[in-house]
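Step one of this worksheet: look at the structure below.
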Amino acid sequence: MSLAAAFDSGRFVVTSEVGPPKGTDVAAMLETAEVLAPHVDALNVTDNQAAVMRLSTLAACVHLTQAGHETVYQVTCRDRNRLALQSDLLGAASFGITNVLALTGDHVRVGDHREAKAVFDLESVQLLRVIQTLNAGTDMAGKELHGTPEFYAGAVVTPDSAPLAPQLAKFEKKVAAGARYFQTQAVYDLASFESFMRFARRFEVKVLAGIVVLRSARMASFMNANIPGITVPEGIVAELTASEDAASTGVQIAARFIRGAREMCDGIHIMAIGAEHLAPRVIGEAGLTREVPA
Amino acid sequence: MVVVTAKQLDEIVHMLAGRRRVLLLGCNTCAAVALAGGDREVETMIQALQLAISRRGMTVEFVGGVLQRQCEPEYVEAMDAEDIDAILSLGCGAGVAMLAAQTGIPVYPALDTLFIGAAQGLGSWRAECSACGSCVLGETAGICPVTRCAKGILNGPCGGVNDGECELGDRPCAWVEIHERLESQGRGASFAHENPPKDDSAGEMYQWDLSAKGGSR
């Protein structure tokens, strides 16, 4: 079932993430995909995540599609100008890849090739508009396409961003530019997420709550200190500190949030960040376990 | 103004290897104000270079001078460059280019050209303009997103903003500042305007070599 169809079916959608390898060996990535696939509706494939150079997302999506997985092709604007972005998007469509997540992308200065030229010829709002243009059968120059893609475009939002007002104003721009679904930055505070969802529900878009499974109190404190837009409440940090099995506690914390958020949003996106084996446990404990129809 | 800063001495010494008599030429407009290309900086650099060169067992003779503006031919034409076999320019990139074109002798940059900036205090400037050729400052409350946003985003803050700071940690988020200033001026609604991709060919409407904008890059 396509991601769009999964949303339309009204089910609580689950997606997760796989990262392409640094190198040509895709075996581990495909293995991770096999572990996750029975529990999710789609696998989101990162694009040189955190500006760290890896195998191309498009190639990874092709591998995963050919292995029978529903993918979400992440496209950032950091490394390619408008010709390359359109060109890769058409390439993806030619392989039957339709789900695209449009992002501006982390800056090259935070990655492992910090001397590189940061491109940013376009950014997320403009990229969404370009996807809409391609779907309508022309390129950015107004030239007609021979063979038209049917992309299902999504975007990201940071519900705990400070200050919040400009972030929400940008969310509206993304909706206007053609975003059909949103994936949020990791969220932990249900009350704060609920208030974000009251805003988001004014628009005809689907929202996946971002879940990052905490594995230790140290990880939670690190994220609070270093990852913009993520707030792990003190109570959760204390819960992890007191736990003798922090990884299991992290799974329970995630599952609890999902149970609470289930009536608020349309699904979840689990970013396991190197602990993909925990994702099925989270899904199970949240009571979402079910056979995913083909 | 054009903000510049002195290169490392080692890099300059390396460029001058094999030269006999070098003219160190300051520029009395932007570079002098930036405390990198005035009389005093020319004198200081001559002393530093003499020391560095003699330590390496090399011999180069240095003479000093300052032009009002290296980027204007009438000043360059009036300059005395007799018996000089290289010029070390303490001007911006435009000054180096003009000197090289007008004199016919090798010209080397003693400075790195950084940005177009506005003074923030003594010896401190802030990048405010990238000379992009298609100004949007009217709709961004006078804060340039092309320059002040690390990603040059034209439609609002990215997810990396951290309590109003850029994710790179070296500046306030331009889009948070733009949002605040537009709101404070009662222009909050204009934030919703969707800015299309930049026209990178904007300078081409002018002859590139006569252009006020600079032509294609």
Side-chain angles (χ1 to χ4, degrees), chain A residues 50-51 76-78 81-82 85 103-110 114 118-130 133 140-141 155-178 183-186 210 224-231, chain B residues 127 130 132-134 136 139-141 143-184 186-202 216-217:
Chain A
T76 69
C77 300
R78 175 192 53 240
N81 71 3
R82 62 191 79 177
L85 288 168
L103 305 104
T104 298
D106 292 327
H107 202 282
V108 293
R109 300 289 178 269
V110 305
R114 63 185 315 281
V119 180
F120 300 119
D121 184 30
L122 305 179
E123 27 85 326
S124 55
V125 173
Q126 295 163 349
L127 180 59
L128 285 162
R129 194 60 81 180
V130 170
T133 304
M140 284 179 75
V156 296
V157 64
T158 304
D160 288 333
S161 190
L164 189 56
Q167 185 75 204
L168 297 183
K170 189 165 184 185
F171 174 94
E172 287 196 56
K173 281 191 178 185
K174 288 180 175 181
V175 175
Q183 175 180 308
T184 79
Q185 175 59 288
N224 274 338
N226 296 293
I227 315 287
I230 295 187
T231 305
Chain B
S130 298
C132 73
S134 49
V136 296
E139 21 185 303
T140 58
I143 297 161
C144 177
V146 177
T147 308
R148 301 297 312 162
C149 169
K151 299 174 184 175
I153 298 176
L154 294 173
N155 282 296
C158 72
V161 54
N162 197 6
D163 284 334
E165 285 291 308
C166 173
E167 68 179 357
L168 298 186
D170 60 354
R171 72 193 83 184
C173 169
W175 277 103
V176 169
E177 291 190 330
I178 291 168
H179 189 263
E180 276 172 10
R181 194 178 290 172
L182 285 173
E183 289 284 343
S184 76
R187 296 199 282 158
S190 71
F191 192 90
H193 171 72
E194 186 181 321
N195 285 305
K198 258 211 164 309
D199 177 3
D200 214 40
S201 72
S216 296
R217 278 167 277 197

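Order of the sequence lines fixes the chain letters, A, B, ..., with proteins taken first and strands second; residue numbering starts at 1 for each chain.
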Neighbour count >12 (heavy atoms, 6.0 Å) for atom CZ, B:R187: yes

message: Let me confirm one number: the CD-NZ distance from B:E194 to A:K174, rounded to the nearest 0.5 Å.
response: 12.0 Å

message: Counting only non-hydrogen atoms closer than 4.5 Å, does A:R78 touch chain B with its backbone (N, CA, C, O), its side chain (CB onward), both, or neither?
response: neither

message: Is any side-chain heavy atom of A:E123 closer than 4.5 Å to one of B:K151?
response: no

field: Pick from B:G152, B:P157, B:G156, B:G169 with the largest number of heavy-atom pairs that fall under 4.5 Å of chain A
entry: B:P157

- request: Check whether any side-chain heavy atom of A:Q126 lies under 4.5 Å from a side-chain heavy atom of B:P196, and answer yes or no.
  value: no

statement: Cut-off 4.5 Å, heavy atoms of chain B, and the answer for A:E172 is neither

- request: Find out whether the Lys NZ or Arg CZ of A:K170 is both under 6.0 angstrom from the six-membered ring centre of B:F191 and within 45° of the ring's axis.
  value: no

Sub-4.5 Å side-chain heavy-atom contact between B:V176 and A:P163: yes

query: Does B:V161 reach the side chain of A:S161, with side-chain heavy atoms less than 4.5 Å apart?
result: yes

query: Going from CZ on A:R109 to SG on B:C166, what distance comes out if it is rounded to the nearest 0.5 angstrom?
result: 11.0 Å

query: For the residue pair A:P228 and B:E167, what are the closest heavy atoms and their distance?
result: CG-CB, 4.4 Å

- request: Measure distances from B:I153 to the heavy atoms of chain A and classify the residue's part below 4.5 Å as side chain, backbone, both or neither.
  value: both

task: Provide the closest heavy-atom pair for A:M140 versus B:P197 in the form atom of the first, atom of the second, distance.
output: CE-CG, 3.7 Å

statement: Among A:D106, A:I227, A:L103, A:V110, the residue with the most heavy-atom pairs under 4.5 Å to chain B is A:D106

task: Can you tell which part of B:A150 gets under 4.5 Å to a heavy atom of chain A, answering side chain, backbone, both or neither?
output: both

message: For the CG atom of A:L128 and the CG atom of B:N155, what is their distance to the nearest 0.5 Å?
response: 10.0 Å

message: Taking every non-hydrogen pair under 4.5 Å, which of A:G229, A:C77, A:A165 racks up the most with chain B?
response: A:A165

- prompt: Any donor and acceptor pair, going by atom type alone, linking the side chain of A:K173 with main-chain N or O of B:A192 inside 3.5 Å?
  reply: no

task: Identify which part of B:I178 has an atom lying under 4.5 Å from any heavy atom of chain A, answering side chain, backbone, both or neither.
output: neither

